[in-house]
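Here is the structure we will look at, set down as structure tokens.
Every value quoted in this text rests on a predicted model; they were computed, and no experiment measured them.
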Amino acid sequence: MRLSPQARHLLDLMTGAGKDHEEWPDASQVSAVELGTLIPAAYRVGKQGGGAMSARFSTEEQARQRQPLFTPEACVDMFDALVEGLQTRKWADLCVGIGALVRCPAGAPLERLADPARVLVGFLLRENRLDTPFFLLAAAGLAGLDMEVAARLIERRGPIAVAEVELLLGWGAERRALYAESVQEERSYTSSPPLPDLRERLAGLSDYVAFTQATLEAAEARVAAIHAGQIPYRADKAFEDGEKETIGRAVRLALFRDEPWLPGLLRRLLRGVSVAPTQARTLPSQGVLFEVARAVEDHPTPEAISALRAARQATRHAGVSKQLDRMLKRIEPALADRVEVAFRLPDGRVRQAVGEHTAVISTEGEVELSWWHGDRRLKSVPAAVRREHADEVKRLRELARRVRQQQATLVRALEAGYASENAPPYRQLAGQPLTDRLIWEFEVSPGVWRSELGLGLPDMPVRLWHPARASPEEVRAWREVVQDKELRQPFKQAFREVYLLTPAEEATGIYSNRFGGHVVDHRKLYALFKQRGWRADYLGPWDGGRSGEARRVLTGGRWRAEFHHEYLSHDEGYAVTDQVRFHRLTEGAWHPAPLTEVPRLVFSEAMRDVDLFVAVTSIATDPEWTDRGPDRLRDHWRTGSFGPLPPSAEVRRDALSRLLGRTTIAGRCTLTDRFLVVRGDLRTYKIHLGSGNILMDPNDAYLCIVPRGGGDQLFLPFEEDGGMLSVILSKAFLLAADTAITDPSITHQLRD
């Protein structure tokens with residue numbers, strides 16, 4: 001094929017036909033077909049260095065980021081390159097060869113691949129290199145060596161995994177290659193990203209779909225036999241080699257297809273693998289439990305999440321329950337990316353007659369199980385019901401618990417989908433009580449949206465209202481409504497923070513320093529990353545542990561936010577925050593994006609999370625930090641404790657301006673730009689609206705008060721992570737009556 005000048009230059013460098021240049025060769029501009037032509041040449045490059053090695057590295061980097069395309073000739077060349085030097089090199093990356101086979105749109109010339117495939121398979125069998133079994137099976141299909149390969153693989157696998165191998169033996173080489181692509185969890189250093197339509201193509205294979213159901217039925221039957229005593233129980237040994245992965249693949253496809261037979265089967269399987277048939281704290285298979293959880297994270301459904309929560313409740317293993325808690329915090333927000341299933345949750349009210357009484361599960365407001373005798377509500381479960389219908393009481397309590405969990409899942413999915421570029425099918429939520437507490441927008445004419453409280457039965461396009469799309473006047477009006485109605489919204493909506501691009505960020509181009517330079521508690525920060533669905537490595541004083549970046553994917557995988565931070569090596573347990581950057585997914589690869597091109601809601605929601613990270617974990621918000629932190633960071637603590645307010649604190653200030661007039665201490669309080677000023681009888685106090693820390697007049701002496709609750713029971717329009725609004729109010733109530741304080745840890749500071 002005719003190559004562009006850039007591709008020809010790279011090929012000449014790798015084949016020794018070109019001269020080295022001082023500049024680094026760049027493969028980013030070559031086409032996908034040209035990239036497929038260059039990969040075999042890159043594979044042939046040895047360790048000679050110079051321009052050839054630079055061209056190889058550049059080509060391989062592009063292969064890892066993009067989807068190359070192979071002509072039939074390039075596909076044959078790829079297999080020839082794998083064979084050349086095999087006896088000296090002693091290895092061959094089958095993943096690259098089989099990857100070329102599935103990326104050959106015109107169809108690979110299978111007869112021309114038979115001889116090199118035979119050489120590769122024979123070599124790998126002799127060397128006992130069986131670590132990529134499905135790629136090996138695909139190559140065996142090309143080479144005509146099915147029986148030889150199958151015999152070696154079956155030796156090492158349990159019966160459920162053997163059935164998977166037997167299924168593939170009935171397929172041709174190209175279908176096997178497609179399957180091998182789907183199961184490759186660890187991409188080799190030259191592998192391309194997974195094919196974007198891979199799951200759809202597998203979902204169309206009817207025999208594999210039938211196999212997934214048979215696989216999970218076999219797994220559930222084995223676990224049931226263990227619990228029935230028909231198979232001896234051995235901790236974590238319910239499944240043999242390879243079976244865990246086979247089960248995980250079956251669950252992934254069934255979840256992807258949203259199979260109607262899956263929910264009940266999955267609940268029974270997960271319950272069975274999570275608890276021992278004895279009173280032991282072990283379980284039949286941690287591996288299968290976590291493999292299914294990872295599958296649910298990839299393709300969540302409400303029923304699968306409910307099944308995982310039931311397993312978490314059942315297990316007696318403390319470590320397993322903690323790990324499931326961490327995984328569920330990532331899984332629930334991921335449900336927002338599956339809008340077709342996200343809102344399939346119970347709604348309304350459940351009424352159940354139990355003897356002469358009635359049990360009611362209400363989902364209006366907080367999910368609640370109540371008991372009634374006629375029209376009279378009872379304070380607790382009637383004694384007769386407890387005595388005569390104990391199993392029914394247990395079932396109803398479990399149902400209420402599940403409804404409560406599913407509503408929490410729905411709330412997380414709604415909030416996580418805030419930045420979605422395409423509005424989810426909110427009509428499915430009509431009738432859900434929680435929608436009455438949310439603000440919605442209806443497109444009354446093209447491009448014209450009207451906001452209303454409650455969803456109703458919309459017959460027009462609808463989306464969740466977001467303050468970033470509203471005028472300041474409209475935002476103020478909705479905050480008044482929420483406050484006046486004492487409306488507890490399922491998540492922070494009317495009082496939600498908005499983060500707009502600043503001139504400084506426009507000037508920096510591709511990064512924001514808005515939240516850079518804060519010293520934070522790294523342990524808390526890492527825990528909060530996981531809670532909010534960001535992925536990050538734990539930092540520490542080891543090689544590669546000095547700097548990191550937390551990542552969150554938004555809008556169904558089209559945008560990614562990165563929050564950079566660095567470990568403070570001289571102060572164990574602390575980190576310092578750095579830039580926020582955004583990447584856009586284009587042609588299968590992530591590319592840095594100018595901040596001016598990031599959608600407004602994507603930018604605002606990502607920056608809101610980063611603000612939360614800093615606000616909750618900064619040393620500035622710890623009132624006791626000055627007594628235990630390193631001396632060299634104390635100036636930083638004081639600057640951060642009383643500095644300018646971030647958007648989260650500005651929203652807190654707005655809420656306080658509405659709340660204070662309803663309190664008994666309103667006459668003693670004044671709001672300034674950064675502080676709630678409280679006049680006591682002994683002193684006047686300034687409570688910082690960002691950190692909650694306190695300065696006392698007349699000399700701005702620091703007052704340390706560790707929050708312990710208390711104060712008036714006051715309606716708050718939102719509940720924050722870290723509860724800073726509650727903390728500030730409780731301190732204000734305490735200090736307004738400072739003569740009544742008896743705690744010696746506080747009174748001695750007031751006298752100093």
Exercise: identify the closest heavy-atom pair between [X] and [Y]:
X	Y	result
Val149	Leu137	CG1-CD2, 4.0 Å
Arg514	Leu500	NH2-O, 2.6 Å
Ile98	Ala139	CD1-N, 4.0 Å
Ile331	Ala293	CD1-O, 3.6 Å
Trp559	Ala593	CZ3-CB, 3.5 Å
Met78	Val96	SD-CG1, 3.5 Å

For the side chain of [X] and the backbone of [Y], is there at least one donor-acceptor N/O pair under 3.5 Å apart?
X	Y	result
Tyr43	Asp93	yes
Ser58	Ser54	no
Thr212	Ala254	no
Ser512	Val580	no
Thr71	Ala74	yes
Thr577	Phe515	yes
Arg56	Arg44	no
Glu243	Glu240	yes
Arg66	Pro68	no
Ser604	Leu601	no

Asp207 bridged to Arg175 by N-O distance under 4.0 Å: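 Salt bridge flag = yes for Arg175 with Asp207.
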
Residues that Phe613 engages under ring-ring contact (aromatic ring centres under 6.0 Å, His included), provided they are two or more places apart: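 Counting only residues at least two positions away or on another chain, Phe613 forms a ring-ring contact (aromatic ring centres under 6.0 Å, His included) with Phe529, Trp534.
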
Salt bridge (Lys or Arg N to Asp or Glu O under 4.0 Å) pairs, two or more places apart, involving residues 140-151: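 Listed by first then second residue: Asp146-Arg176.
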
Residues that Asn513 engages under side chain to side chain contact (heavy atoms under 4.5 Å, CB included), provided they are two or more places apart: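 Residues passing side chain to side chain contact (heavy atoms under 4.5 Å, CB included) with Asn513: Tyr511, Asp578, Gln579.
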
Residues forming a side chain to side chain donor-acceptor pair (under 3.5 Å) with Glu597, sequence neighbours excluded: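 Glu597 satisfies side chain to side chain donor-acceptor pair (under 3.5 Å) with Arg584 once adjacent residues are dropped.
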
Option from Arg249, Lys244, Arg252 for which side chain to side chain donor-acceptor pair (under 3.5 Å) with Glu291 holds: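 Checked Arg249, Lys244, Arg252 against Glu291; only one passes side chain to side chain donor-acceptor pair (under 3.5 Å): Arg252.
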
Value rounded to 0.5 Å, distance of [atom1] in [X] from [atom2] in [Y]:
X	Y	atom1	atom2	result
Arg199	Phe256	CZ	CZ	7.5 Å
Arg8	Leu3	CZ	CG	5.0 Å
Asp131	Leu136	CG	CG	9.0 Å
Leu69	Leu35	CG	CG	9.0 Å
Thr617	Tyr526	OG1	OH	14.5 Å
Cys75	Arg103	SG	CZ	11.0 Å

Centroid-centroid distance, Trp171 to Phe134, less than 6.0 Å: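 No, ring centres 6.0 Å or more apart.
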
Ring center gap for Phe582 and Phe603 short of 6.0 angstrom: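 Judged by ring-centre distance (under 6.0 Å), Phe582 and Phe603 do meet the cut-off.
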
Side chain to side chain contact (heavy atoms under 4.5 Å, CB included) between Leu253 and Val209, worked out: CA-CA 8 Å; Leu253 189 74; Val209 173; 4.0 Å; yes

Residues 113-129 side chain polar contacts: donor-acceptor under 3.5 Å, at least two apart:
unit_1	atom_1	unit_2	atom_2	d
Asp115	OD1	Arg118	NH1	2.9
Arg118	NE	Ala143	O	3.3
Arg118	NH2	Ala143	O	3.3
Arg126	NH1	Gly122	O	3.4
Asn128	OD1	Arg152	NH2	2.8
Arg129	NH1	Lys90	O	3.4

Taking side chain as C-beta onward, heavy atoms only, is [X] less than 4.5 Å from [Y]?
X	Y	result
Asp77	Glu73	no
Gln62	Ser28	yes
Arg581	His564	yes
Thr246	Phe239	no
Leu539	Arg546	no
Leu255	Leu262	yes

Side chain to side chain contact (heavy atoms under 4.5 Å, CB included) evaluation trace for Glu34 with Ser4: CA-CA 8 Å; Glu34 289 175 328; Ser4 66; 3.0 Å; yes

Verdict with supporting geometry, Leu142 and Leu110, side chain to side chain contact (heavy atoms under 4.5 Å, CB included): CA-CA 7 Å; Leu142 294 169; Leu110 303 185; 3.7 Å; yes

Candidate pair Leu612 and Arg532, rule side chain to side chain contact (heavy atoms under 4.5 Å, CB included), full reasoning: CA-CA 10 Å; Leu612 169 69; Arg532 298 292 297 178; 3.8 Å; yes

No-hydrogen, no-angle side-chain donor-acceptor test under 3.5 Å, Tyr208 and Glu164: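 Result is no, nothing qualifies.
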
Under 3.5 Å side-chain donor-acceptor pair for Glu505 and Thr502: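 The criterion, which ignores hydrogens and geometry beyond distance, is satisfied for Thr502 and Glu505.
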
Within 6.0 angstrom of Asp298 CG, more than 12 heavy atoms from elsewhere: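 For Asp298, atom CG is crowded (more than 12 foreign heavy atoms under 6.0 Å).
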
Stepwise salt bridge (charged side-chain N to carboxylate O under 4.0 Å, His left out) check, Arg535 with Glu297: CA-CA 13 Å; Arg535 294 181 179 271; Glu297 186 172 359; 2.4 Å; yes

Partner set under salt bridge (Lys or Arg N to Asp or Glu O under 4.0 Å) for Arg560, not counting sequence neighbours: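 Arg560 satisfies salt bridge (Lys or Arg N to Asp or Glu O under 4.0 Å) with Glu562 only.
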
